[in-house]
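Worth saying up front: this structure is predicted, and the values here are computed from it rather than measured.
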Amino acid sequence: MPDIALDLRFLYYAILVARLGSFSAAAESLDLSYTTVNRRVSLLGRRPGFQLFERDATGAHLTPAGARFVEDTERGMTTLLRAVDSARNFKKGATGILRIGIMTSLSGGFLAELPNTFHAKYPEVRSKSARSPRSQA
């Protein structure tokens, strides 16, 4: 199995080159030198053993293997970024389950509207309400 331990930035550089069709344009948008982007993307293709891009006078074009790789990489990066956002939201308490127990005698007024207000602010948090034993009788 080939060593594919890579810096995620290299994957991002390759995706950007594919989108822009040019190493120079990608380097400019990243505020990096052409040489840096070229070297990193070349390393990215060499590790697993295939060429990502072919170049000609009109720019950089994905090889068939490169096209498949970039397509799969974009999907993976999207999933990874979603996982990071999800974990960050969970840590902040913006996602998860909130259990609320309210006695029936206190469920009027602002308390009745409190779960709706909370859900509007944190739509990723599911809420479950529990009735007090006295209110179930």
- prompt: Would you say the ring centroid of Phe23 lies under 6.0 angstrom from that of Tyr13?
  reply: no
message: Minimum heavy-atom separation for Val17 and Ala26, please, with both atom names.
response: CG2-CB, 3.6 Å
- prompt: Taking atom CZ of Arg68 and atom CZ of Phe50, what is their separation to the nearest 0.5 Å?
  reply: 11.0 Å
- line: Here the gap from Thr36 atom OG1 to Asp31 atom CG, rounded to the nearest 0.5 Å, amounts to 11.0 Å
task: Identify the two heavy atoms, one from Phe53 and one from Ala14, that lie closest to each other, and give their separation to 0.1 Å.
output: CZ-O, 3.5 Å
- line: Taken to the nearest 0.5 Å, the spacing of Leu44 CG from Thr73 OG1 works out to 7.0 Å
message: I want to check something: taking the side chain as every heavy atom from C-beta on, are Leu16 and Ser29 in contact at a cut-off of under 4.5 Å?
response: yes
statement: OG of Ser33 to CZ of Arg39, rounded to nearest 0.5 Å, is 7.0 Å
query: Got a sec: does the OH of Tyr34 have more than 12 other heavy atoms crowding it under 6.0 Å?
result: yes
- prompt: Taking it one step at a time, do Arg75 and Asp72 satisfy salt bridge (Lys or Arg N to Asp or Glu O under 4.0 Å)?
  reply: CA-CA 5 Å; Arg75 225 181 353 264; Asp72 290 344; 2.4 Å; yes
- prompt: Does some side-chain heavy atom of Met77 sit less than 4.5 Å from a side-chain heavy atom of Leu8?
  reply: yes
- request: Report the distance from atom CG of Leu52 to atom CD1 of Ile15, rounding to the nearest 0.5 Å.
  value: 10.5 Å
query: Judged by atom type as modelled, is there a donor-acceptor pair below 3.5 Å linking the side chain of Asp56 to the main-chain atoms of Gly59?
result: yes
Evaluation steps, side-chain contact (heavy atoms from CB on, under 4.5 Å), between Tyr12 and Leu30: CA-CA 10 Å; Tyr12 180 68; Leu30 293 165; 3.5 Å; yes
- request: Treat each ILVMFWY residue as a node, draw an edge where side-chain heavy atoms are under 4.5 Å apart, and state whether Phe90 and Leu80 are in one component.
  value: no
Approximate separation, where rounding is to 0.5 Å, of Phe10 CZ and Ser42 OG: 11.0 Å
message: So for atom CZ, which belongs to Arg55, do other residues, nucleotides or ligands contribute more than 12 heavy atoms lying within a distance under 6.0 Å?
response: yes
